[in-house]
Trainee: 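One structure coming up, written as structure tokens, with questions to follow.
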Amino acid sequence: MASVAAWLPFARARRSVSKDRRKGDDEKLLINVSGRKFETWRNTLEKYPDTLLGSSERDFFYDEDSREYFFDRDPDIFRHILNYYRTGKLHYPKHECLTSYDEELAFFGILPDVIGDCCYEDYRDRKRENAERLLDD
Ligand SMILES: [Zn+2]
């Protein structure tokens with residue numbers, strides 16, 4: 001019972017904080033990407049205000065009825081995009097086609113420069129292979 005008694009005042013304190021929510025407080029956002037739901041904090045997205053999700057541009061994708069942001073984009077690649085906001089590192093999934101990965105980055109306004117050191121070489125090599133393939137045609 002001791003743990004419950006300790007927990008209750010904490011829960012009460014949390015409730016009073018959300019009741020008089022001031023501007024600038026964090027909130028959870030629901031993002032629907034082709035039917036797959038992602039949740040994150042608004043502050044997480046606003047870490048990068050020069051991107052689509054981090055700026056007010058995302059409001060164009062807000063659905064008042066379902067109270068979520070809807071993107072008709074690739075949910076598999078979106079996972080990596082959202083993780084970039086969380087960790088500050090963008091990873092390149094090697095099994096994904098480079099062109100479709102680039103397209104998703106461009107759509108969300110993220111430059112490939114921010115790809116982490118762990119994945120940058122793979123990304124750059126794939127980019128070069130692609131360029132060579134195009135020259136061969
Ligand atoms: Zn990586």
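Just follow the structure's listing: the first ligand is 1, and inside any ligand the first atom is 1.
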Trainee: So, with waters excluded, how many protein N/O/S atoms does the Zn ion (ligand 1) have closer than 2.8 Å?
Mentor: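 Step by step: take the Zn ion (ligand 1), keep protein N, O, S below 2.8 Å, and you get 3.
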Trainee: Please name all residues satisfying ring pair (Phe, Tyr, Trp, His ring centres under 6.0 Å) with Y62, sequence neighbours left out, ordered by chain then number.
Mentor: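 For Y62 the ring pair (Phe, Tyr, Trp, His ring centres under 6.0 Å) partners, ignoring immediate neighbours, are Y69.
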Trainee: Tell me, do L29 and R58 make a side-chain contact under 4.5 Å, heavy atoms counted?
Mentor: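 Heavy-atom side-chain distance check passes, below 4.5 Å.
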Trainee: Quick one: closest heavy-atom pair of C97 and R126, and the distance?
Mentor: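 Distance-wise, the nearest heavy atoms are CA-NH1, 4.4 Å.
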Trainee: With ring-ring contact (aromatic ring centres under 6.0 Å, His included) as the test, pick out the partner of Y85 among F78, F38, Y48.
Mentor: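 So, applying the ring-ring contact (aromatic ring centres under 6.0 Å, His included) to Y85 and each of F78, F38, Y48, only Y48 qualifies.
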Trainee: Working to the nearest 0.5 angstrom, can you tell me the gap between T44 OG1 and Y84 OH?
Mentor: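 Reported to 0.5 Å precision, the distance equals 13.0 Å.
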Trainee: Does a salt bridge link K89 with D117, judged by any charged N lying under 4.0 Å from a carboxylate O?
Mentor: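 No.
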